[in-house]
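See below for the structure under consideration.
Numbers restart at 1 for each chain; the letters A, B, ... are given by sequence-line order, proteins then strands. FYI, side chains are in, hydrogens and waters are out, and symmetry mates aren't considered; it's all heavy atoms of this structure.
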2 protein chains.
Amino acid sequence: MMDPQKLLQELLKISDDDKDITPKQAKIIQAAIEIFAEKGYASASTSEIAKRAGVAEGTIFRHYKTKKELLLSIVSPMIIKFAAPFFAETFIRQVFKDHEDKGFEELLRKLIQNRYEFVKNNVPLLKIVLQEMAFHPEIQQAYKQVFTEKVLPKFKKMVEYYQDKGELRNDFSVDTTIRLVINTAVGFMVTRFIVMPDYPWDDEKELENTIQYIKDGIFS
Amino acid sequence: MMDPQKLLQELLKISDDDKDITPKQAKIIQAAIEIFAEKGYASASTSEIAKRAGVAEGTIFRHYKTKKELLLSIVSPMIIKFAAPFFAETFIRQVFKDHEDKGFEELLRKLIQNRYEFVKNNVPLLKIVLQEMAFHPEIQQAYKQVFTEKVLPKFKKMVEYYQDKGELRNDFSVDTTIRLVINTAVGFMVTRFIVMPDYPWDDEKELENTIQYIKDGIFS
DNA sequence: AACAAAAATGAGTGATTACTCACTATAATT
DNA sequence: AATTATAGTGAGTAATCACTCATTTTTGTT
């Protein structure tokens, strides 16, 4: 099992990941994503992955010591990528510059729209993450670390800032407010792309209504 | 694969299920629930289930033709049980009796509190349902059928009724309103019992805040 | 063209899998 | 008490699993 501290360091250099990758390795990754998403990690066999990738089974184990290492190489980068907006240097700074501050609503709208596009473009991968997180402590811990150390502190500052400004209600605790906002936003995307992907969604309407719903629920 | 129509009929007589069950069979079910929840259906072996149940492996296959049949015998009853409030004859009737009508808020509060207790008492089982629904079309279809035929129609009537009464905002469509309410309620329970079960929750506060949040988000 | 390094191969391996079946133990019925 | 029916057993089976490794193919350097 990987040391969480090392894992975070590992994650931060994901930009290097794409470099020394062979064409066959890329095919393996693509096939693995598809099959893991279709039948789950435990039910996916390395032989089937190799077959779909058009590669000998041994080739998989040239690049990845174990099947689990293949899973982690796919899942791990998503941790940072999903939380990416909160890693941006400019993100928080912009919020607190009064002359640029367009209020919590606009910030929230930008954030949700941005993550909505991200989810839309990474459905199979996020399916894998959601599924396998339940059974792999390494993945859980890595996400927990990123969330508590990177996402949560910035989110807290945001909510506190707008609560002090009187823009957000203060009869909800900061933690509760964050939970409700994230639940609503994530819930929307899970419903939209995983639970009912075939429903004839009016995406623009649902997005705007979701934002309105959050706004009326947490604004003073 | 089971015919969905038959499955629903099967489900409606769950009260009979508990009858002709042997002690060893009960041990098998209990062990299966534990192990399915711990490591997932695909990673759970029948030999391990038999071992934990204190039973010979062959005994499992006396009672269940396949491992999957064992899973379905565990998961299927939860479909009706989770939607149980919507099956109650009195449920809707009470709502529309004006002299008993205490408003959407009280109805919602009762409903969420009730389902909150249910989830609390069935965490491992619901974990299995959430996990395995993704990979077993029979489970998906059964839930879809119960939801669209039993839950959704009643929910729709409720929302329409209170929208007409002017209690609920009508700039959200009925479907969107339902989605937001269910998302928020389910999201709360998933966060509370599955994502962060060890967080020191103030359950009463979170429940009340969640209801307030919904109320402010969908009331006019 | 010759060589070395890296990438890819696929038959082979022991372990584990869901499931079978001939058999025994227990319970119910006469 | 005898007979039948049901419940339980556990060694056995073919299939599949993740993974290995000796060998071949491809790539890069001179």
Side-chain angles (χ1 to χ4, degrees), chain A residues 1-2 16-75 128 131-132 135-139, chain B residues 1-2 16-75 128 131-132 135-139:
Chain A
M1 214 169 279
M2 211 181 282
D16 303 347
D17 274 9
D18 310 332
K19 283 183 179 174
D20 46 1
I21 220 174
T22 71
K24 301 231 169 190
Q25 193 175 357
K27 293 284 261 177
I28 289 169
I29 292 171
Q30 190 51 45
I33 290 173
E34 288 175 22
I35 296 178
F36 284 160
E38 280 169 22
K39 37 175 57 173
Y41 170 77
S43 297
S45 71
T46 50
S47 72
E48 190 182 355
I49 294 170
K51 203 174 175 183
R52 185 171 310 189
V55 152
E57 201 175 346
T59 307
I60 293 176
F61 294 94
R62 282 285 119 180
H63 295 288
Y64 307 95
K65 267 175 277 185
T66 63
K67 183 186 163 192
K68 188 159 191 173
E69 193 180 293
L70 171 60
L71 172 70
L72 292 180
S73 83
I74 287 170
V75 158
I128 299 172
Q131 278 293 325
E132 302 309 327
F135 304 123
H136 304 273
E138 313 95 318
I139 304 178
Chain B
M1 214 170 277
M2 212 181 282
D16 304 346
D17 273 9
D18 309 332
K19 283 184 181 174
D20 46 1
I21 220 176
T22 71
K24 300 229 169 189
Q25 193 174 357
K27 292 284 262 176
I28 290 169
I29 293 171
Q30 190 49 46
I33 290 173
E34 288 174 22
I35 296 178
F36 284 160
E38 280 168 23
K39 38 175 56 174
Y41 169 77
S43 297
S45 70
T46 49
S47 71
E48 189 183 354
I49 293 170
K51 203 174 175 183
R52 186 172 307 189
V55 151
E57 201 175 346
T59 308
I60 293 176
F61 294 95
R62 276 286 122 184
H63 296 288
Y64 307 96
K65 267 175 277 186
T66 63
K67 182 186 161 192
K68 188 160 190 173
E69 195 180 291
L70 171 59
L71 172 71
L72 293 179
S73 83
I74 287 171
V75 157
I128 298 172
Q131 278 294 323
E132 302 309 328
F135 305 124
H136 304 274
E138 313 96 317
I139 304 178

Checklist entry - With sequence neighbours left out, what residues match Phe36(B) under ring pair (Phe, Tyr, Trp, His ring centres under 6.0 Å)? => result Tyr41(B)
Item to check | Distance in Å, Ile139(B) CD1 paired with Gln131(B) CD, rounded so as to fall on 0.5 Å steps | outcome: 11.0 Å
Checklist outcome for this item: Residues passing the side-chain hydrogen bond (donor to acceptor under 3.5 Å, both in side chains) test with Thr66(A), sequence neighbours excluded, are none
Checklist entry - Taking any atom under 4.0 angstrom from a heavy atom of chain A, which nucleotides of DNA chain D are the first and last to qualify, 5' to 3'? => result dC17(D) to dA22(D)
Item to check | Summary of ring-ring contact (aromatic ring centres under 6.0 Å, His included) pairs that have at least one residue in residues 48-69 of chain A, sequence neighbours excluded | outcome: none
Checklist entry - With sequence neighbours left out, which residue pairs that include part of residues 32-47 of chain B fulfil the salt bridge (charged side-chain N to carboxylate O under 4.0 Å, His left out) condition? => result Glu34(B)-Arg52(B), Glu38(B)-Arg52(B), Lys39(B)-Glu48(B)
Next on the checklist: Let me test you: for the helix from dA1(C)-dT30(D) to dT30(C)-dA1(D), what is the angle between the axes at its two ends (five pairs each), rounded to 10 degrees?
Outcome noted: 20°
Below 3.5 Å between N/O atoms, which protein atoms pair up with nucleotides 4-8 of chain C? Just atom names and distances, please.
residue, atom, partner, partner atom, Å
dA8(C), OP1, Thr22(A), OG1, 3.4
dA8(C), OP2, Thr22(A), OG1, 3.4
dA8(C), OP2, His63(A), NE2, 2.7

Checklist entry - Heavy-atom distance under 4.5 Å between the side chains of Arg62(B) and Lys24(B), does that happen here? => result no
Item to check | Any His136(B) side-chain heavy atom under 4.5 Å of Leu71(B) side chain | outcome: yes
Next on the checklist: Holding to side-chain hydrogen bond (donor to acceptor under 3.5 Å, both in side chains), I want the full list of residues that pass it with Ser43(A), two or more places apart in sequence or in another chain.
Outcome noted: none
Checklist entry - Hey, are the side chains of Ile49(A) and Leu70(A) touching, using non-hydrogen atoms and a 4.5 Å cut-off? => result yes
Checklist entry - Taking DNA chain D as the partner, which of residues 30-52 of chain B come within under 4.0 angstrom of it by heavy atom? => result none
Checklist outcome for this item: Across all chains, not counting sequence neighbours, the side-chain contact (heavy atoms from CB on, under 4.5 Å) partners of Ala50(B) are Glu57(B), Ile60(B)
Checklist entry - Got a sec, which residues hit side-chain contact (heavy atoms from CB on, under 4.5 Å) with Lys27(B), two or more places apart in sequence or on another chain? => result Ala53(B)
Checklist entry - Lys67(B) NZ to dT16(C) C1': how many Å, rounded? => result 12 Å
Next on the checklist: When you measure from the side chain of Lys51(A) to the backbone of Ala56(A), do you find a donor-acceptor pair of N or O atoms at a distance under 3.5 Å?
Outcome noted: no
